[in-house]
Amino acid sequence: SNNNKRSSATKRVIVSSLTPLLAPTSHHSVTNTLGELTLASASSDSETGGASPPPRKKYRASVAEGAGGLGANGAGQGQDSELSCLNNSAQNGESSSAGEAHTNVNGLSTTNNGNSVSNNDGIPAPAASNNTVSSDANSVKKKKRLSQSEEDVIRLIGQHLHDLGLNQTVDLLMQESGCRLEHPSATKFRNHVVEGEWDKAESDLNELKALMHSPSAIVVSPTRMKFLLLQQKYLEYLEDAKVLEALQVLRAELTPLKYNTERIHILSGYLMCSHAEDLRAKAEWEGKGTASRTKLLDKLQTYLPPSVMLPPRRLQTLLRQAVELQRERCLYHNTKLDSGLDSVSLLLDHACSRKQFPCYTQQVLTEHCNEVWFCKFSNDGTKLATGSKDTTVIVWHVNTSHQLKLMKTLEGHAYGVSYLAWSPDDTYLIACGPDDCSELWLWNVQTGELRTKMSQSHEDSLTSVAWNPDGKRFVTGGQRGQFYQCDLDGNLLDSWEGVRVQCLWCLGDTRTVLASDTHQRIRGYNFEDLTDRNIVQEDHPIMSFTVSKNGRLALLNVATQGVHLWDLHDRVLVRKYQGVTQGFYTIHSCFGGHNEDFIASGSEDHKVYIWHRRSELPIAELTGHSRTVNCVSWNPVVPGLLASASDDGTVRIWGPAPFPDVQDAEGLSECCSMDS
């Protein structure tokens with residue numbers, strides 16, 4: 001037992017003696033020393049009778065394996081490899097117990113991670129220190145280089161926090177991230193502008209010139225920036241009643257720039273202002289102080305590359321753009337776009353429910369006793385006119401709750417009413433008949449009196465009409481070759497012979513009239529210089545068309561093809577809308593919704609189709625009519641109100657769901673996404 005204890009102690013001495021040997025030394029000396037230690041251990045074993053305990057053999061074998069084993073080069077090379085591995089471990093700040101071999105020496109156990117060391121009593125021994133490794137990891141974390149996008153985000157956040165006055169937070173953020181909010185020269189420039197130190201700001205501007213030649217700069221104009229600085233300096237001198245100093249700035253600093261001479265003349269006129277209030281009013285200037293200087297700084301920032309100084313309120317700009325883009329991509333967004341961020345939540349994506357969209361029948365008007373061929377809301381959205389084969393025009397009043405009530409019935413249209421047109425001020429309403437009708441009726445809507453009944457010839461066919469924007473003239477025509485311009489009393493002002501008109505529209509320039517004819521085209525006619533030009537050419541008959549408020553887009557119902565959208569300025573076909581059934585019936589479609597983002601059309605399959613202007617597939621198919629839907633009209637003031645007229649003798653008024661829990665199944669087919 002005593003011998004075993006001495007043997008165990010000797011082995012502990014051997015292990016502890018390895019520590020000084022791990023210091024850098026020559027290869028051969030380390031090998032020899034290890035050999036001596038081994039021999040000493042062997043001689044110690046011989047004192048116990050030459051019997052070697054099994055654990056020692058296991059220890060030697062495992063050391064040999066950990067060093068790569070005894071190969072063709074012999075045991076000496078294996079020992080060299082073992083010491084080399086231990087030496088590398090020591091140099092890396094790790095304990096020798098971190099070797100790959102698992103060793104067990106008389107109950108002394110080490111693991112290959114170097115984290116657990118225990119003796120045969122089960123008491124944990126001190127673990128190898130990981131402080132060095134941990135500190136190295138932290139150092140790596142701190143030295144991790146941020147990507148360009150990450151730096152940009154940090155700078156945007158920093159700018160926003162700075163605008164909120166959280167300057168200490170900004171300093172901490174920049175210090176911890178290693179980023180820079182803006183170039184030091186830009187910071188100095190900002191401070192001097194805010195403090196009104198114009199000479200120093202001008203000197204700073206000279207330093208910034210070198211930075212303004214960066215490829216990232218969008219617009220570079222040092223002269224413009226200097227002009228803005230001197231203009232502020234000049235105005236502040238005037239407000240302080242320092243006329244001589246202001247005059248010196250004007251003559252010796254502003255004028256030599258030779259920039260914006262017209263503006264310099266205006267500035268010189270401010271010398272005549274009698275008091276500060278007069279100066280601020282004429283110059284449209286906030287006056288000397290933080291407000292005007294901050295506004296000046298916002299202008300100056302736009303001329304500096306973003307690497308030097310971020311554009312003002314850049315984060316808010318990006319968020320606002322994101323909100324606007326989501327609204328534009330929303331299929332059912334049909335309200336006024338609020339450019340501010342206070343009215344929306346940035347925590348959720350924008351989404352409108354189709355329950356807020358005019359997809360649900362609110363009223364069914366049944367006062368007509370025959371097919372209803374046309375319907376049209378007034379320009380102010382307070383009235384709806386409907387024309388029928390029953391020879392009547394009914395004018396409906398739209399109340400504040402968007403319910404329609406019968407207002408007037410205009411009778412006497414012997415051939416029926418197939419087209420209606422409101423005057424620009426909604427005072428008058430013109431009614432036209434079908435192809436074999438040579439008469440036109442001009443009604444005073446307020447009084448219900450017929451002002452004019454026009455008929456140039458019994459051979460005429462007056463089937464379409466359009467008001468001139470001045471409200472004093474209108475044009476009318478038909479498929480028998482008549483094309484007239486008349487005044488409110490029906491007197492003929494001009495005529496264009498040989499044009500077989502299918503549909504008419506007057507553009508906002510008050511000179512040009514668009515007319516679709518039997519040659520499957522739309523041409524522009526100028527009654528002042530009597531010129532015409534081709535604008536749209538289709539391959540099939542154009543049954544009807546309408547034009548957007550800005551005069552840029554035209555919506556055509558083309559026989560056997562459906563609804564086509566044309567750009568009148570570029571004279572190109574923009575989009576063909578799918579789903580609608582269009583034969584040779586005259587069906588009238590319309591623009592509608594807020595900003596005219598939507599398109600609606602009747603169809604021969606008894607449905608009303610609605611598309612988003614940018615989507616070829618319908619987003620809604622409204623069912624309820626039992627025969628062809630001839631015409632649709634979208635209220636120009638109330639984006640959630642739509643009317644449709646049908647051969648079933650009814651007019652349907654469509655609006656949002658009356659209650660939030662209304663199911664979509666009734667009167668509304670499945671909608672398609674814009675992406676599809």
Side-chain angles (χ1 to χ4, degrees), residues 148 151-152 154-156 158-159 162-163 167 170-171 174-175 178-240 242-268 270-271 279 283 285-314 317:
Q148 185 62 50
E151 289 185 8
D152 291 345
I154 290 175
R155 292 183 65 202
L156 291 173
Q159 184 194 45
H162 180 272
D163 293 341
N167 297 325
V170 175
D171 294 340
M174 294 301 133
Q175 179 183 356
C179 295
R180 187 172 64 185
L181 183 59
E182 59 188 13
H183 196 279
S185 298
T187 302
K188 186 169 58 172
F189 177 65
R190 175 196 300 277
N191 294 335
H192 289 156
V193 170
V194 173
E195 294 167 5
E197 298 181 5
W198 306 117
D199 293 338
K200 293 181 179 180
E202 189 175 343
S203 176
D204 298 336
L205 186 57
N206 294 328
E207 295 182 16
L208 292 173
K209 285 182 181 179
L211 304 173
M212 294 169 63
H213 296 291
S214 168
S216 62
I218 301 175
V219 178
V220 177
S221 179
T223 304
R224 169 67 172 165
M225 295 179 70
K226 187 174 182 179
F227 183 88
L228 292 174
L229 281 174
L230 294 175
Q231 176 180 257
Q232 179 78 11
K233 179 180 178 181
Y234 168 77
L235 292 174
E236 290 195 7
Y237 275 144
L238 283 182
E239 183 174 330
D240 291 339
K242 298 179 179 180
V243 180
L244 293 179
E245 290 85 344
L247 189 59
Q248 179 66 16
V249 172
L250 186 66
R251 290 178 176 177
E253 299 184 63
L254 277 168
T255 304
L257 289 177
K258 296 181 180 179
Y259 180 86
N260 201 346
T261 306
E262 183 180 352
R263 178 61 180 168
I264 291 178
H265 290 162
I266 296 174
L267 292 174
S268 64
Y270 298 154
L271 289 166
L279 171 66
W285 180 57
E286 292 81 0
K288 179 180 178 180
T290 305
S292 63
R293 292 172 183 174
T294 302
K295 188 174 181 180
L296 168 65
L297 193 59
D298 288 347
K299 291 181 181 178
L300 294 172
Q301 282 180 268
T302 61
Y303 295 96
L304 291 171
S307 59
V308 176
M309 181 183 286
L310 289 173
R313 293 172 292 280
R314 182 61 181 162
T317 300

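Count residues from 1 along the sequence. The model shown is predicted, which means the values in this text are computed figures rather than measured ones.
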Task: Qualifying residues under side-chain hydrogen bond (donor to acceptor under 3.5 Å, both in side chains), relative to E197, sequence neighbours excluded - done: K200
Task: H192: which of D204, T187, D199 passes side-chain hydrogen bond (donor to acceptor under 3.5 Å, both in side chains) - done: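 Going through the options one by one, the only one that passes is D204.
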Quick one: closest heavy-atom pair of [X] and [Y], and the distance?
{"X": "L208", "Y": "S185", "result": "CD2-CB, 3.8 Å"}
{"X": "A246", "Y": "Y234", "result": "O-CD1, 3.1 Å"}
{"X": "T302", "Y": "D298", "result": "CG2-O, 3.4 Å"}
{"X": "L235", "Y": "L279", "result": "O-CD2, 3.8 Å"}
{"X": "Q232", "Y": "S292", "result": "NE2-OG, 3.0 Å"}

From [atom1] ([X]) to [atom2] ([Y]), nearest 0.5 Å:
{"X": "Y259", "Y": "L230", "atom1": "OH", "atom2": "CG", "value": "12.5 Å"}
{"X": "K299", "Y": "L229", "atom1": "NZ", "atom2": "CG", "value": "11.5 Å"}
{"X": "E286", "Y": "R293", "atom1": "CD", "atom2": "CZ", "value": "12.5 Å"}
{"X": "L181", "Y": "L156", "atom1": "CG", "atom2": "CG", "value": "9.5 Å"}
{"X": "L310", "Y": "H162", "atom1": "CG", "atom2": "NE2", "value": "11.5 Å"}
{"X": "R180", "Y": "M174", "atom1": "CZ", "atom2": "CE", "value": "11.5 Å"}

Does the side chain of [X] reach to within under 4.5 Å of the side chain of [Y], using non-hydrogen atoms?
{"X": "E182", "Y": "Q159", "answer": "no"}
{"X": "K188", "Y": "N191", "answer": "no"}
{"X": "W198", "Y": "V193", "answer": "yes"}
{"X": "L304", "Y": "M225", "answer": "yes"}
{"X": "Q248", "Y": "Y237", "answer": "no"}

Open item on the list: Quiz question: by atom type and distance under 3.5 Å, do the side chains of D152 and Q148 form a donor-acceptor pair?
Closed with: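 Side-chain D/A pair, D152 to Q148: present.
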Task: Within residues 244-267 or reaching into it, pairs that qualify as salt bridge (Lys or Arg N to Asp or Glu O under 4.0 Å) - sequence neighbours excluded - done: K233-E253
Open item on the list: Please check: side-chain N/O of R314 versus main-chain N/O of P306, any donor-acceptor pairing under 3.5 Å?
Closed with: no
